[in-house]
Structure formats: structure tokens, C-alpha cells
Amino acid sequence: MQTPRQITLIQATAVIISTIIGVGVLTLPKLAAKAAHSGAPLATIIALTLASLGLFVVTKLGSRFPRQSIVQYSERIISRWLAVLVNIAMISFFIFLTALTAREFGGVVIATVLMDTPLEVTVLVMLLLAAFSARHDIRTFAYIHLFYTPIILAPVLLIIIFSLKNANPLYLLPVYGYEREQMLPNIWTIAALFQGAFVYTMIIPYMKKPNKAWRSALWGMMIAGGLYVLIVTAAVSVFGPKETAVLLWPTLELAKATALPANVLERLDAAFIAVWVTAVFTTLLSSYYMAIHSLSEVLRFRDHRMLSFFVLPIIFVLAMIMQNIIKLYELIEIVGRIGLCLTIGYPICLLIVAAIRNIRGEADDTNQPRKTGT
Amino acid sequence: MFRFRWMTSSTNYANRRKDNNSSAPRMSGLPDNILDEHKDDVLSGSVVQTTNFIYNLLGKSDDFVMRKFQVFGQYPAALCYLSSLSAESKINTEILKPLMSGSDQVTTASYNSTELKTYIAEQVLFQSELRYESRIVQLVESILRGHIIVVIEQLSEAFILGARQIDKRSIDQPQTEQVIQGPREGFIEALETNLALMRYRLPTPDFRIRTMQLGRLTKSKVAICYIEGIVNPLLVDEVEQRLSKIDIDVLLDAGYIEQYIQDNHLSPFPQVQNTERPDKAVASLAEGRIIILVDGSPFGLIVPSVFSQFFQTTEDYTSRQLQGSFVRMARVVALVLSLIFPALYVSVISFNPELIPTEFAVAVAGGRAGVPFPSVIEVLIMEVAMEVLREATIRLPQQVGGALSIVGVLVIGQAAVSAGFASPITVVVIALTTIGSFATPAYTAAFALRMLRFPLIILAGTFGLYGIMIGLILICNHLLSLKSFGVPYMTPIVPADAEGMRDTVLRQSLWSMKRRPSFLRTPDQIRVNKSSEMQQEPRNILDPMNTQDERLVDPDANTATDHTDPSNSGHH
């Protein structure tokens, strides 16, 4: 299938960064602290390595099939019907992921800023926002990510910097951590926070230089992962590993504990949540877009636009199914682990089968990518 | 939500055109239809026949003048024009007089028709604008455009002479784009004058003007101006394409064209910039854009346009770099302020008062103590009042306008506060917002933000800061999806372009902007060639320490100074 190549490397990097950084950041330090206590940063780095492995495989597949998305080349690698089956599973996973993200952030909003608003409203507002924006074409999708990435990175970095004055480096020792019984499952859950990067399979066929996709992947992983490690380090060094492990949203607490100089704003948490809407929005948009875009490819639609509002009620119902926040986080862990099998295991299988059967995508005409741009 | 695009609109045109063709079997009594019927008729050579035809069409208007006379006393002829459009004294002295008197040798000699024609054109008439026309319909149209036609017996072609005189206002300062530094000329209504204003700034053969006629009744002249070799030729084609699709009866202003050629009709944001300033038009031409001018409109349209253009002025470039950058930053602040400030105020007051310092929060609460409405309602009422006031000050006659705006702003604001209708802080917020919206140089863009302020205030009133963010994200996403002639609207911020970005919020020095904007895809990229000259050390020739200057210590120069010594000392 002929696709206009218009996404630059920097846009692809932005897509990865802003997709990964989302509502999961709020709980991340808790997971990391539960995994290895003072070794939380180390646990995050291990998870990051694991997730990078998945993205590496995806990039490898992408450079093998530079003109096709995962839905398209999977049908060539393993037989059509088997691929459709797995792809449907993958799409349902992304629909579920969208629902969980919307639900999780809706919960955060009603717990922190809009106490009297029903949960349904905040969830629906987020979903509507994503549904409207998912109707744009892939170029606008990349623009949206590029535009919001600095807005996402800035407040987190600001909070990390301002929290340094309360930090106690001793909390971070020993570096390799202690009480590591829970380490493996929690690392698995942290790695699952990175799985949004799987949207890269959708981006690669639209990139101007798909053979350099690994560069964007590397940069995206490094920036997003670096930010994760910094947040974990900051939270653990301010609250201590034991305290961090029992806080529900340690990053939010970090925002509460910091104050701007000159007392311009007395508290930062409400402002932080407000700015964080953009981060959650981009994550939500990515998984929503991934779901409907892949669905339209499975169904052989020319355009994904009409699917946008078609899946909205499904996602909304899925989001409202969970009874409370405890159940929600239990489910998020389970879904995350299943998702990890899909987003890492599935590409690995595809790559192995493709290597054995020696299937390659059609060669990419990299000498004229600029002509089709814009 | 803003998904209506160029494609849908072009189908509209198609429908409309079809309607016109099918549903209008025209009544053949109207002069315009007679013109259509006789499209290819040529002159018969008989003055009576021709003048009758013309008189039938135009004779019912009282400003139509037909003067019969005899050329050199022997050839019957007629002269037709519209008195409202022509300079009559010029006709008398420069057309009628030489034709009727002629020279003595002519009166004796008898010419055949071609000789007569050349003789009149080459030796009798003192007119530079002179054309021959054989089609009668063209003659009628020339009369309607203010030309004078002379029909002479036996000639198969008539003369079309230019003596058009239409009163126009003088060139003065552009009303909507005032500057402190920079040229003060603005476009006026007459197209010729506007083209002249641009032409004298661009004495290059590459400056091209293509005209076309649009509007079935108005037949307005539309000029597409560009610089060959700088503009992307495909862009010119596209502009012509879009213009040629316009089918409307009256086209009175450039605004009509803007609405037809824009990409997204439902977007609050303007995708075509308009300007009253010839210097701005020329600067845009030199960047590789196209200017569209319409006869009868003092506004030129600049296509394509991107968002960052709307908070930039030519003054940024005529003033010094730091000054330009500072002013531009102030404008961006004003732009953002005019969009979100009232919404921010509403959400902080009604949802998150803990954000602001306690002392201030107490003061705000004290000010609001007597106000019965929630802050959303209060702000909305004040905003609506402000909009009404603003519209009123534009429409009012100038003599009372000034008085009313003072009454409006000072008295109503003060009275509203003391009546317990609004809190003082609200008045401050509204005032700041209004002033902020005036600081945006482009009226149309400021208007977009002004409109979007209202949904944002309502969102802020329902969802607080969360609502504002949702609203802003929707606006940003819309901006990111918008295009003007294919150029993404947020260029050069997204998609990122380092060289363009440096000249977006800050102003770059003129010599460091070496290339034309890359998003315009101009064939000729280089704007500034020799940057090295600017980096050369300037010579401090007048430095007081600089006694080593050759011309001062020169022995020859010494003798020269001896002569002038007394006068020199006298001066100092």
C-alpha cells in the first residue's frame, strides 16, 4: 500500500515520548519502590531495558517492512486468519488500555480537583477529547505529539528540580535495594507503562526515513525513560522508600510538597493536574488512534474516521466497569502484564517467523521521500 | 468538530454553478442578455446602425452621452461615453477638437478607410491609450468601464480611448495597521493606485501582475501579484484555480474572495491574511507569497498565511532587533492573555482558590462579598457588555464616539462595582483582556481569540482548570490540523523549522535570516548573500585616539591645513 511519507525523525521521537509519559507517571514511584525499595531507580532502569528490547524488535520489523504497519505485515508473515485473530486481540488490548487510562485519570481528577463531579463526566470528557482528535490524519497526529511534548516535559522537570531541596540522598542507598521479593512482577508492571511505544508500528510506514527509525526509538526511550528514572529518584529521595511504597500517587504528592519561589502559586498540585491533562491526552490519543487505525486496516477500510465514534461507547462502558480504584489498579497490573506479552512477545514471534520464512517488505525508495512530503 | 474542508466547499461551488446554468433561462429583454446574444457581432461600418444598437442598450441611463459630429467636416462619426466616468473637458480638448478641426491638408484630401484610421491614430489624437475594436459588445463594455468610443462611418473598427476619471480618496495612513516607524502609505480603493504603490517599491521585471474579472455584475478586476522566480509556480496555479471557481454576482471587497478561497470555512481562525500596507505586501511577495488585490477594496490578501504571521508586523523589522523582539513578545503575552485570562480567573476563583497566595485570595473574596452571581455569570455578563461597548464605539459617529467610550468604560465599570454587580477584580480582568485583544495586530486573528474566549469561560465555570485545559487542547489540535494552501498553520513551530522558529516569538537580525521561509517552497531560497560583510570589524574613523590617520598626518595635508588654520581655530 502506498503511504505518503511525511513524519520526520523528531516527530517520531515526540510521538514515543509523549505516548509513554502519561497517567502512569503518577503511580510509577510507588511501583518502583515496591519492587526494590531504595533500589527503585535501578528497578526502573531494568524495566526500561526490558521495554527497549520490545521497541527494538518493533523497529527491526519496521525496517524489514518499511511500507507496512504491523497489521499488514503480520498477515504476510503468519497466515491471514491467524494474523487477524492476533491483531483483533491486540486491538482489544489497546481499546482496553484506552479505557483504563481514561478511567485512571478520571479518578485522579475527581480525587484531587473536581471533588463533586461524577466520575462518568470526567472520563467521558477525556474520551470525547480523544475521539475528536483521533479523527485527524496521521500527519496531524504527529504534529499534536510534537507540539505537546515540551509542555509535558517541562512541568515534570520543574517539579523534580524544586523537590531537590527536600531530598535526602541517603534514602537511595543501597543502590541495589532490599526486600526484593516483589521485584519481578513490579518490574514487569513498570515495563508495561512503556508499552504505549508500540504505536511506533503504526508510525514507521509513514516515516520519511524508516531505515533510521531506530534513532527516534532510541532517543524517545532515553528521554522518556530518563524522565521516569528521575521521577522515581526524586520521589524516593524525598519521601523515603517505605513511604513512597504506600502512597497512592507519589508524583502528585511530590507536586504538593513543592512550592514555586516568591510564592506566586501557593500550591502546585491543581496546576500540575491541569497541565498533566495534556500528557494524559497524548497517551490516550495514541492508544485510541492505534486501536481504530489498526481496526480500519484489519477491516480493510480506507479511512479510520468513522470508527472513532463507533468505539467510543465500548471504551466508555469498559472504563466504567471497575467498581473502585483498588480494583482498577489490580486490573491495570493484570492487563499490563498481558499487554506486555502482546507488545513484546508478538513482535518477537513475527520477527523470528519472518526470518525463518525469509519474508521481506518491498524495498523502500528512500531517494525520493521529500517529494511526497506535505 | 471543525472538519469542513476545501473539498466539501468545492462541491458546493459545483452545485451552485449547475443551478445557475439550469435554473436561469434568462429573460432576453435585459441589456446584459442582449450582450450575450450578440457576442460575436462586428461593426458594419454604418454609424447609424452602431449607434442605434448602443443607444438601445445604454440610452435609458441619463449619464450616457452620445455626440454626433463629422470628422474633418466630411466623415460622419459618433462619440459615446458615460459622463459619470469620464473627464469631459479632456474629451472636448483632446478628442473632439482635433477630430473636428483637423488640419487643412486633410480636408482637401480624401482617404480610404484604412488610411483614415492610421492617420487619425498617428497624427490627430493626443491619446496614449488607444485601441481598435471591431466587436460591438466589447465597445459597450468599454463604455461601461469609462472609456470613450469613437465610431466613424466606413471604418470597420471603432476607437476606444481612455479618458476615465473616477474620483478616489488620497493615499493616507492605513487605519487598521498603524505603525510608529515605517512607511505610512496605505492601499486605497482604486486598483491601479494600489498596483502603483507596489510597483514603485519593486522596480523589477520579475514582479508579475495577472488580472482576471470576477463577479457577474460587478466584473471586478482581481489582480494576482507575485514575483517570478521566488514564488512557487504551483502556488500561482492553485490560487488561479481557486479564484476561477468563484461565481457570484457582486464581488465588492477582498473579503468576498477570502471567504471563497480559504481552506476551512468553519474555523474561527483566518487562513488568509489581509493587509492595507503596500510595504507589507511587498515584503510578503519577497518571501514567496502571493498578493490578491481587488478593484474597489483597500485590502490585499496574503496567501498562504500561517498563525505566527498574525502577531508580527512590518514594524518589527523596521525597528531595531531588540525593540522588535520585545514588542513581539509583549504581543504574544497579550494574545495569550486575551484568550485565557478571564477563564483562568473564573476557574481559580470558583474551583482552586488555594492556588493563589492567601492574602490575595482574601482580598478577592472581600471584593466579591456583595456580588450575588457566581463568578462565571459575572465574567460572562461583563464580557458581553464589553463586546457591545466595543461594537458601539466602532459604529458611533466620531463626534460622540470618544465621549461614549469614556462614559462606557469609566462610568459603567465604576457603577457596576459600586452597585454590587461585579467585583473590582473582575473589572480589572475584563479590562486587561480587552486591551490584550487590541494588541494583536491582525484584527481577524484577534477576533478569533475573542470568540473562543467565551466557550473557554464556560468550560472554566463547569470544570475549572481541567476544563480550560480541555478547551485549550481542542483549540491547539484544531490549529495543528489547519492548513493554508497546504502549509500547516502552526509552521514553523510544528512542523519544526529551526531557522523559522528563531524568527517567531523573537525577531532575528535581518542578515541572519539567510533563506526565505522553507515552507513556501520557493525556487530561489537565498535572501541574504553576503553575511561576511556584516561580520567585518567596522572602522572607528572618528575615534579620538585615532591620531594615526594618514589623511591627517599626511605632509601634503599639513600644508593644506596651514592655509585654513585661522578659520579652523575660529570654528573650534
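Because only heavy atoms are used, hydrogens play no part in the values below, and waters and symmetry mates are left out as well, while side chains stay in. This structure is a prediction, so every number in the text was calculated from the model and none was measured. Naming: A, B, ... by sequence-line order, numbering from 1 per chain.
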The interface call for A:Phe147 against chain B, heavy-atom contacts under 4.5 Å, is both
Given A:Ile10, A:Ile144, A:Val121, A:Thr117, the one with more heavy-atom pairs under 4.5 angstrom with chain B than any other is A:Ile144
Inset, instruction - Verify whether the ring centers belonging to A:Phe281 and A:Phe105 lie closer than 6.0 Å. - result: no
Bottom line for A:Thr8: the part with an atom under 4.5 Å from chain B's heavy atoms is neither
Per-residue tally against chain A (heavy atom, under 4.5 Å) across B:Ile493, B:Ile468, B:Leu480, B:Leu465 peaks at B:Leu480
The interface call for A:Tyr148 against chain B, heavy-atom contacts under 4.5 Å, is side chain
Begin with the C-alpha distance, continue with both residues' side-chain angles, and end with the deciding distance and a verdict on salt bridge (Lys or Arg N to Asp or Glu O under 4.0 Å) for B:Arg515 and B:Asp524.
CA-CA 9 Å; B:Arg515 287 163 196 285; B:Asp524 180 16; over 6 Å; no
Nearest heavy-atom contact between B:Pro342 and B:Ile457 is CB-CD1, 3.9 Å
Enclosure of B:Met451 CE (heavy-atom neighbours >12, cutoff 6.0 Å) | yes
Q. Side chain to side chain contact (heavy atoms under 4.5 Å, CB included) between A:Tyr200 and A:Met207: does it pass, once the steps are laid out?
A. CA-CA 10 Å; A:Tyr200 209 40; A:Met207 280 175 74; 3.8 Å; yes
Side chains of A:Ser286 and A:Thr19: donor-acceptor distance under 3.5 Å anywhere? yes
Applying a strict 4.5 Å limit to non-hydrogen atoms, the region of A:Val109 in contact with chain B is side chain
When the 4.5 angstrom heavy-atom criterion is applied to A:Met126 and chain B, the contacting part is both
When the 4.5 angstrom heavy-atom criterion is applied to B:Phe463 and chain A, the contacting part is both
So, the part of B:Asn477 with a heavy atom under 4.5 Å from chain A: the answer is both
Using the side-chain hydrogen bond (donor to acceptor under 3.5 Å, both in side chains) rule, take B:Gln271 and B:Ser305 through it: C-alpha gap first, then chi angles, then the decisive distance, then the call. CA-CA 6 Å; B:Gln271 299 129 60; B:Ser305 296; over 6 Å; no
When the 4.5 angstrom heavy-atom criterion is applied to B:Ser347 and chain A, the contacting part is neither
